[in-house]
Amino acid sequence: MADSRRPPEVDRAAASRRAVAARRERAALKRDVSTRVITPQELLRRGLADPLSAAGAMRVTEFLTAIPAIGESKRDRILTSLGISPVKRLGGLGSRQRDALRDYLDARWPEPGPREGRSRLVVLAGPTAVGKGTVAAYIKEHFPEIHLSVSATTRAPRPGEVDGEHYYFVDDAEFDRLIAAGELLEWATVHNAHRYGTPREPIDRVLAAGGTALLEIDLQGARQVRAADPSATLVFLLPPSWDELVQRLVGRGTEDAEERARRLRTARTELAAQNEFDYRVVNDEVARAAAEVVALAARRPDVG
Ligand SMILES: Nc1ncnc2c1ncn2[C@@H]1O[C@H](COP(=O)(O)OP(=O)(O)OP(=O)(O)O)[C@@H](O)[C@H]1O
Ligand SMILES: Nc1nc2c(ncn2[C@@H]2O[C@H](COP(=O)(O)O)[C@@H](O)[C@H]2O)c(=O)[nH]1
């Protein structure tokens, strides 16, 4: 009921602020789907779970056009074929309509499911600044039984980085030698800048002893590990939202504007590849995300 003591313009101003906030929230969600930080299925789940949330208030038309590769005419064809009115909101879909929409999404953008027969070779990848290094460092400190691989790189050390602990800092000639000698399990030029690679011998040693090895590497490296060992466990770390990813990159303060832009371009490509991974973990809170990665690493049968 309206507060009779409050002037109507105060109520109107509050309502307008709420409407602006709701529009912003829906815009952020659409950005998250278009940058693939969340899957369309995840947004649909959120909308169905709470019709009063920003996801629930989103029209099916907005929802569909947020998905990469769906333009307005394709959107209209999909809605007609699924028998869904364009004025419907996600939170207001009937059970037949939600099933039809879910089936449509699952057929075109299947979400990765857990795969059986994973080995103790665990890869942690994800877009720049999502927190791979932070989560990996947390695992190293709190779960010392997991061996964290130390990569070789041609990039210069950042302040505080220690050779042999954070990376093996090598020059181009030494990196060439490592490649030629077959001493790297995988290697890649990352962000079109420097080369990074995983020394093979320590990983072989840990796996041969029945241990678990964790590699914190980029998408190209993850693909090479998959090719070398199809049973490797591939985990993709996701940010809670695209905006939070940008915040973390800017907040870290280790790259200039040009390098940040370059890393965010790579990030879009990496996010688009997340379905190649066995598992996805959202790094909303470091300790929680680390515990989830460790649990996934432990959920392996005796292979590898
Ligand atoms: N769960 C979290 N919540 C808030 N901030 C976080 C979280 N995880 C990491 N960060 C912060 O985000 C920034 C980026 O983290 P980090 O350097 O670990 O990312 P990265 O994925 O290893 O990046 P890159 O691939 O560019 O090396 C850091 O400032 C870190 O402190
Ligand atoms: N393919 C590989 N990628 C690696 C390896 N070690 C680190 N990385 C990735 O490089 C970027 C940038 O790292 P930064 O320390 O310069 O910020 C990051 O995405 C790492 O995951 C590796 O051995 N192989």
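We count residues from 1, following the sequence as given.
- Listed for the Thr153 side chain is a donor-acceptor partner under 3.5 Å among the backbone atoms of Arg195.
- Remark: Glu270 pairs with no residue by the salt bridge (charged side-chain N to carboxylate O under 4.0 Å, His left out) rule, at least two apart or across chains.
- Residue Leu237 is grouped with residue Trp242 when hydrophobic side chains (ILVMFWY) are merged at heavy-atom distances under 4.5 angstrom, including chains of intermediate members.
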Problem set entry | Worked check of salt bridge (Lys or Arg N to Asp or Glu O under 4.0 Å) between Lys140 and Glu216 | CA-CA 11 Å; Lys140 184 178 174 187; Glu216 186 254 289; over 6 Å; no
For this session: List the steps and the verdict of side-chain contact (heavy atoms from CB on, under 4.5 Å) for Leu29 and Arg46.
Result: CA-CA 11 Å; Leu29 280 174; Arg46 291 187 199 175; 3.8 Å; yes
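- Contact record, Pro239 with Val130: N-CG2, 3.3 Å, taken as the closest heavy-atom pair.
- Cluster annotation: Val122 is not connected to Val150 through the hydrophobic network of ILVMFWY side chains, with a link wherever side-chain heavy atoms come within less than 4.5 Å.
- Residue-environment remark: CD (Glu145) exceeds the threshold of 12 foreign heavy atoms within 6.0 Å.
- The closest donor-acceptor contact from the side chain of Arg26 to the backbone of Met58 lies at 3.5 Å or more, if one exists at all.
- A donor atom on one side chain and an acceptor atom on the other are not found under 3.5 Å apart for Thr61 and Arg59.
- Contact annotation: the side chain of Val60 approaches that of Leu90 to within less than 4.5 Å [non-hydrogen atoms, C-beta and beyond].
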Exercise. What do the steps show when you test Arg252 against Thr134 for side-chain contact (heavy atoms from CB on, under 4.5 Å), and what is the final call?
Worked result: CA-CA 11 Å; Arg252 185 171 66 185; Thr134 307; over 6 Å; no
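- In plain terms, the two heavy atoms of Pro202 and Pro199 that are nearest each other are CD-O, 3.6 Å.
- Side-chain N or O atoms of Lys132 include one that pairs as donor or acceptor with a backbone N or O of Pro127 at under 3.5 Å.
- The backbone N or O of Ser119 lies less than 3.5 Å from a partner atom in the side chain of Thr233, making a donor-acceptor pair.
- Val281 places none of its side-chain heavy atoms less than 4.5 Å from the side chain of Val135.
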For a quick test of your reading: what N or O donor-acceptor pairs under 3.5 Å do the side chains of residues 82-89 make, sequence neighbours left out?
| from | atom 1 | to | atom 2 | distance (Å) |
| --- | --- | --- | --- | --- |
| Ser85 | OG | Val87 | N | 3.2 |
| Lys88 | NZ | Gly92 | O | 3.1 |
| Arg89 | NH1 | Ala57 | O | 2.5 |

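- Rounded to the nearest 0.5 Å, atoms CD (Gln97) and CG (Leu48) are 10.5 Å apart.
- Taking the six-membered ring where tryptophan is involved, the planes of Phe143 and Tyr138 are tilted, since the angle between them lies from 30° to 60°.
- In this structure, Gln224 and Leu184 have side chains that are not in contact, with every pair of non-hydrogen atoms separated by 4.5 Å or more.
- Considering every non-hydrogen atom in both Arg45 and Thr39, the closest pair reads NH2-OG1, 4.4 Å.
- For Glu258, the CD atom counts as loosely surrounded, since its 6.0 Å shell holds 12 or fewer non-hydrogen atoms of other residues, nucleotides or ligands.
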For this session: Evaluate the side-chain contact (heavy atoms from CB on, under 4.5 Å) criterion for residues Asp171 and Glu174: first the C-alpha distance (whole Å), next the side-chain angles of each, then the deciding distance (0.1 Å), finally the verdict.
Result: CA-CA 5 Å; Asp171 59 16; Glu174 172 60 4; 3.3 Å; yes
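- Counting only distance, with no hydrogens or angles, the side chain of Gln41 and the backbone of Trp109 share a donor-acceptor pair below 3.5 Å.
- The shortest distance between side-chain heavy atoms of Thr212 and Val294 does not fall below 4.5 Å.
- Contact between Ala222 and Leu234 at its shortest, heavy atoms only, is O-CD2, 4.0 Å.
- By the 4.5 Å heavy-atom criterion applied to side chains, Thr35 and Leu245 are not counted as neighbours.
- Transitive grouping of hydrophobic side chains (ILVMFWY, heavy atoms separated by less than 4.5 Å) brings Leu207 and Leu148 into a common cluster.
- One distance of note links CG of Leu43 with CD1 of Ile38; it measures 4.5 Å at 0.5 Å rounding.
- Side-chain N or O atoms of Gln220 include one that pairs as donor or acceptor with a backbone N or O of Thr189 at under 3.5 Å.
- Among residues two or more places apart in sequence or in another chain, the side chain to side chain donor-acceptor pair (under 3.5 Å) test is passed with Asp163 by none.
- Judged by distance alone, the side chain of Arg36 and the main-chain N or O of Arg268 form no donor-acceptor pair under 3.5 Å.
- Note that the OG1 atom of Thr254 and the CG atom of Leu249 stand 7.0 Å from one another [nearest 0.5 Å].
- Leu215 is not connected to Ile179 by any chain of hydrophobic side-chain contacts under 4.5 Å among Ile, Leu, Val, Met, Phe, Trp and Tyr, and they are in different clusters.
- Contact check for Arg155 versus Phe169: side-chain heavy atoms found under the 4.5 Å cut-off.
- With Glu255 as the fixed residue, the salt bridge (Lys or Arg N to Asp or Glu O under 4.0 Å) test singles out one of Arg158, Arg260, Arg262: Arg158.
- Put simply, the side chain of Gln274 gets close to the backbone of Leu271: a donor and an acceptor are under 3.5 Å apart.
- Listed for the Arg288 side chain is a donor-acceptor partner under 3.5 Å among the backbone atoms of Val282.
- Atom OG in Ser149 sits 12.0 Å away from atom CG in Leu124 (nearest 0.5 Å).
- Closest non-hydrogen pair, Ile67 versus Pro40, comes out as CD1-CB, 3.7 Å.
- Judged by distance alone, with hydrogens and angles left aside, the side-chain atoms of Arg263 form no donor-acceptor pair with the main-chain N or O of His191 at under 3.5 Å.
- Between Asp99 and Arg96, none of the side-chain N atoms (NZ, or NE/NH1/NH2) sits under 4.0 Å from a carboxylate O, so this pair counts as no salt bridge.
- Atom CG of Leu44 is separated from atom CG of Leu105 by 6.5 Å, given to the nearest 0.5 angstrom.
- Under a hydrophobic-cluster definition in which Ile, Leu, Val, Met, Phe, Trp and Tyr are linked whenever side-chain heavy atoms come within less than 4.5 Å, directly or via other members, Val170 and Ile217 are assigned to different clusters.
- Contact check on Arg223 versus Glu186 returns no salt bridge, with no Lys/Arg side-chain nitrogen under 4.0 Å from an Asp/Glu carboxylate oxygen.
- In terms of heavy-atom proximity, Asp50 sits nearest to Ser53 at O-OG, 2.6 Å.
- For the atom pair CZ (Arg248) and CG (Asp243), the distance works out to 12.0 Å, reported to the nearest 0.5 Å.
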Exercise. Between Arg280 and Asn275, is a side-chain contact (heavy atoms from CB on, under 4.5 Å) present by the stated rule, with each step listed?
Worked result: CA-CA 8 Å; Arg280 289 175 299 183; Asn275 284 9; 3.7 Å; yes
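- Between Thr128 and Thr266, the closest side-chain pair of non-hydrogen atoms is not below 4.5 Å.
- Paired with Tyr196 under the rule ring-ring contact (aromatic ring centres under 6.0 Å, His included), one option of Trp187, Tyr167, Phe175 passes, and it is Tyr167.
- Taking 4.5 Å as the limit, some side-chain heavy atom of Leu219 sits within range of a side-chain heavy atom of Phe277.
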